[in-house]
Every structure is written in C-alpha cells, then in structure tokens.
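For clarity, every value in this text was computed on a predicted model and none was experimentally measured. Residue numbers count from 1 along this sequence. Whatever order the structure lists them in is the order used to number ligands and atoms, beginning at 1.
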Amino acid sequence: MIIYGNVFYKGRIVECGIEVENGVVVDIGKDKRGKSVDGIIMPAGIDVHVHFRDFKESYKETIESGSLSALYGGVCLVVDQPNTNPPIVDEEIYFKRMEIAERSTYVDYSLNLGLVKDNVDEIDEILKKIEEKYYVPAIGEVFLKGKMSVSYETLEKAKKTVNKLITVHAEDPNEEDDVMAEVKAVERCLKMNRFHFCHISTAKALDMIYNSESTSEVTPHHLLYSKEVVKFKVNPSLKSNEERVALVRNFYKADILSSDHAPHTLEEKWEGAPGFPGVETLYPMFFYMAKKGYIKINDLVEKFVVNPAKIFGFDRYGEIEVGNYANFVVFDPHRERPIKAKDLHSKVGWTIYEGLMAVFPKDVYIRGEKVLEDGEILIDRGFGKVLQA
Ligand code: DOR
Ligand code: ZN
C-alpha cells in the first residue's frame, strides 16, 4: 500500500508517497505514487499520561471508552497510570489489567507499574516478572503527597533498586504554597537522581529540569488556563495567570506534552475530585494552534510524538520514518470547529475546553490500517495492541 499526499517528514511538510508493508513504513519518496490523501499526514500522537480507570471506577471511564476517545483525538499509543481502584502494585493485578486492555483497547496500550511503601522492597522482583511478558514504560506516576504517596526515602530506595525510568508527580507534602511545593519536590528529586517529571506547572521547576539530566512533561490545562479562569480542581493546581504565562514562555524547555486525562463525573467534580479529561482534545487543539502560528508544528511533533517514543523507549513508534509503524493522522486544516463535550467520547461528558477551536483528525491509521475515516470508526474494540516485552 502507498499513501500519497502532504506528509510531515523530517521536520517539513513535503508531497510524497509512504509505502507500507505489514504495518510498517518501508519506503518514502516523491516518486512513490499511490492513493492520494487530502489534508496533512502527520505522525499519530503518543499520550504518556492517561488515567483510564476501569475496575471499580468503570462508571467514570474504562480502557474501552478512554482508548476510543484517544483514537478520535489522533493518539495511537497511551501510557495508562496505576492509581486505579484497586491500584496496579503487583504482577497479579498488572496482568489482570492487561487482559482487560487486550480485549477492549482501540489504540495501542501500555501501563506503568505503581510504587507504594508496601511494595518497594519487592519492586524489582515484581517488575522482572511483568517484563517477562509485557513492555513496562516506567514506574510511576509516583506520588509524594496524598492517598498513594511515598516518602522521598522510599522513592530514593526504589531508584536504587530498579533500572527503570521513574515518573514523579512532584508536589512536596509539607509545603503549603502550590508553586513552592512543586519547586521543592523537583529540587529534592534532582539531587537524588534522574527522573521523568509529570505535568510540570511552574516555569521555575521546568527550568531546573531543563538544566539537568531529567525530563519533563507539561499539560494543555496548565498552559491554557489559570486558576482565575477554571475553578474545577486538578493536581498539580492551576496557577496564577502570571505563572501560566511564564510556563508558556518556557514551553520550549518541556520534553513532552501529555494530557493527564483524568476523568471524574460532574457530581464528583462539584465535590472537589481533581482532574480533567483531555486525551481526545490535545492533538486537535495544538494542531489548530500550529495552524494559526501560535506554536511551531515541529515543537508539537517533538513533544507529542518523538520525545514520548524516545524517553519511554517505544520501539518503532515516533515520527513518520522508514522502519517505524505506519501510525498516521490526517488533518484537514480547513475543518476547524469549536470543541463540544457532546462530540467527545470519554464517559464523563464534559470538558474544560468547551468552545475552544480545534482541528479533529479526518482519518487515522494504526499500523497501516485505516481505523478512523471521516469520524467513523472502522475497527472493533481490541484492535489496539498491548505492548509486549
Ligand atoms: O488531578 C489529578 N487527577 N492529578 C493526579 O495526579 C491524579 C489524577 C486522577 O487520577 O484523578
Ligand atoms: Zn499526576
């Protein structure tokens, strides 16, 4: 099969054909003529921070509904987080969740292993058992505050025993000021070792990570909204507009853009549950911003495709290139429209991005197969692959 059109290739949009065999790109060239595609063929997104719930919280989201939402948003691979109910803290529950994923995920799926104080002594053993079967992207997200939290000492102990990326939700448990809580936690972790820091919300912490061996993630909600504008709760909190603007100015220092898709029902939101859904809207909103010239398209691809694959070690995922999976999203830049919750596919039925402009994918290809065409899903649940060892 050859797909021909305007392709984002090696940092530029060029007219060429992509030859695909067995789900993998085997050749790219101007003389490769084939089925012509209208729009811009972009690499599909990788969202390294989603909470797809399931288990006892299936009423909020399931792997099935979350991954469908991801697919509509042009995402081909997700990293799910282990703070489920019950949490993913040993091999038994990890395997159970992967079996659910195997039969219900629409997009490719991977799962982090959780770290708690009760499993730190066995964490390496647990990891090794899981890795006989599955590819584990990271240990994390590790919380330093709240329900599933560990102490700095436990985190350090884990870092010493496992040879694996650890992702940290950096908020110091003893600091009242939200900005300082993040800065302090990052400072403390950077002294220990190399980590990957989830959803950084302050320019100061982002800069400290940028000048270290560690890597960082930022989210659309911290970039677009301040606490004066959105009153719903999220952790880390939305900051002042001044802080938000500083984060935007330092966007280039972030390695990864992720959604931290964290669905809760509206009833739970009114009661203060933290988190926003966002896996479906990230790529469409940021593609729109790139189209408008607010951000560079190369930065978007670097932070939502290339670096996620690189930092989390996803072999054959990433930019459109010979040897990589044929995971593409076709955007028609003329089809911009406001985001409406009723058009989205998360179970929760609301979004903080209501009314913001976006360009949703026209078509999506996963491993060479067209899985979405003009808003129609062409495959069944279970089409997505869980990442094997
Ligand atoms: O706001 C948040 N919600 N922050 C987190 O770190 C967890 C997430 C959730 O699982 O709801
Ligand atoms: Zn988090």
Side-chain angles (χ1 to χ4, degrees), residues 47-63 65-66 69 78-89 97 111-116 137-150 155 165-173 178 181-182 185-186 189 195-202 205-206 209 214-227 230-239 247 254-279 282 312 346-348 350-353:
D47 196 334
V48 302
H49 197 133
V50 301
H51 299 267
F52 280 172
R53 314 292 188 210
D54 228 303
F55 296 150
K56 287 184 190 158
E57 294 175 320
S58 295
Y59 64 95
K60 304 189 204 220
E61 199 77 289
T62 57
I63 295 177
S65 59
S69 192
V78 294
V79 180
D80 200 4
Q81 302 300 328
N83 66 334
T84 46
N85 184 8
I88 312 299
V89 290
R97 192 164 179 85
L111 174 63
N112 280 350
L113 172 63
L115 176 74
V116 287
I139 290 175
E141 62 173 318
V142 177
F143 293 87
L144 297 166
K145 185 179 168 180
K147 251 198 316 198
M148 234 178 110
S149 63
V150 301
L155 177 62
L165 183 67
I166 299 185
T167 75
V168 183
H169 177 128
E171 288 191 283
D172 187 278
D178 290 2
E182 181 169 284
V186 167
C189 293
F195 292 101
H196 175 77
F197 293 96
C198 309
H199 42 53
I200 289 300
S201 62
T202 66
L206 191 60
I209 301 163
S214 290
T215 49
S216 65
E217 217 173 284
V218 291
T219 69
H221 48 274
H222 292 117
L223 290 165
L224 297 174
Y225 289 125
S226 62
K227 64 180 175 192
V230 169
K231 296 295 178 189
F232 271 171
K233 206 175 165 231
V234 67
N235 293 328
S237 64
L238 298 176
K239 304 298 186 287
L247 190 70
D255 296 288
I256 290 182
L257 187 58
S258 77
S259 70
D260 192 6
H261 180 83
H264 298 281
T265 65
L266 267 184
E267 291 70 30
E268 290 169 326
K269 289 304 290 177
W270 297 125
E271 284 158 17
F276 312 133
V279 70
L282 192 156
F312 287 84
S346 164
K347 275 198 180 182
V348 297
W350 59 272
T351 172
I352 53 164
Y353 304 112

Which atoms of ligand 1 are found less than 4.0 Å from any heavy atom of [X]?
X	result
Ala262	3 (N), 8 (C), 9 (C), 11 (O)
Glu141	6 (O)
His264	11 (O)
His169	5 (C), 6 (O)

inquiry  = Looking at the Zn ion (ligand 2), is there an N, O or S atom belonging to His49 that lies under 2.8 Å away from it?
reply    =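 Checking His49: none of its N, O or S atoms is under 2.8 Å.
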
[X] side-chain N/O to [Y] backbone N/O, donor-acceptor pair under 3.5 Å:
X	Y	answer
Trp350	Pro277	no
Glu171	Asn235	no
Lys227	Lys233	no

task = Pick, from Val234, Thr219, Asp260, Asn83, the option with the minimum heavy-atom distance to atom 10 (O) of ligand 1.
result =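 Ranked by closest heavy atom to atom 10 (O) of ligand 1, first place is Asn83.
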
query = So which of Arg53, His51, Glu171 gets nearest to atom 11 (O) of ligand 1, if we judge by its closest heavy atom?
reply =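 Closest candidate by heavy-atom distance is Arg53.
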
query = Out of Val78, Val48, Val79, which one pairs with Ser258 under the side chain to side chain contact (heavy atoms under 4.5 Å, CB included) rule?
reply =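 Option passing the side chain to side chain contact (heavy atoms under 4.5 Å, CB included) with Ser258: Val48.
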
ask   = In terms of residue, atom name and distance, what is the protein heavy atom nearest to atom 1 (O) of ligand 1?
value =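 It is Asn235 N, 2.9 Å.
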
task = Do me a favour and list the nearest non-hydrogen protein atom to atom 3 (N) of ligand 1 with residue, atom name and distance?
result =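 Minimum-distance protein heavy atom for atom 3 (N) of ligand 1 reads Pro274 O, 3.0 Å.
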
For residues [X] and [Y], is any side-chain donor paired with an opposing acceptor at under 3.5 Å?
X	Y	result
His261	Arg53	no
Ser237	Lys239	yes
Glu57	Thr84	no

inquiry  = Just to be sure I read this right, does ligand 1 sit under 4.0 Å from the backbone of Phe143, its side chain, both, or neither, counting only heavy atoms?
reply    =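 Only the side chain of Phe143 comes within reach of ligand 1.
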
inquiry  = Taking a cutoff of less than 4.0 Å between a non-hydrogen atom of the residue and any ligand atom, is Gln81 in contact with ligand 1?
reply    =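 Judged by the 4.0 Å heavy-atom criterion, Gln81 does not count as contacting ligand 1.
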
query = Knowing that exactly one of His221, Glu141, His222 qualifies, which makes a side-chain hydrogen bond (donor to acceptor under 3.5 Å, both in side chains) with His199?
reply =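 Output: one option passes, namely Glu141.
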
key: Opening angle between ND1 in His169 and OE1 in Glu141, taken at the Zn ion (ligand 2), to 10 degrees   =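 Value returned, to the nearest 10°, is 90°.
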
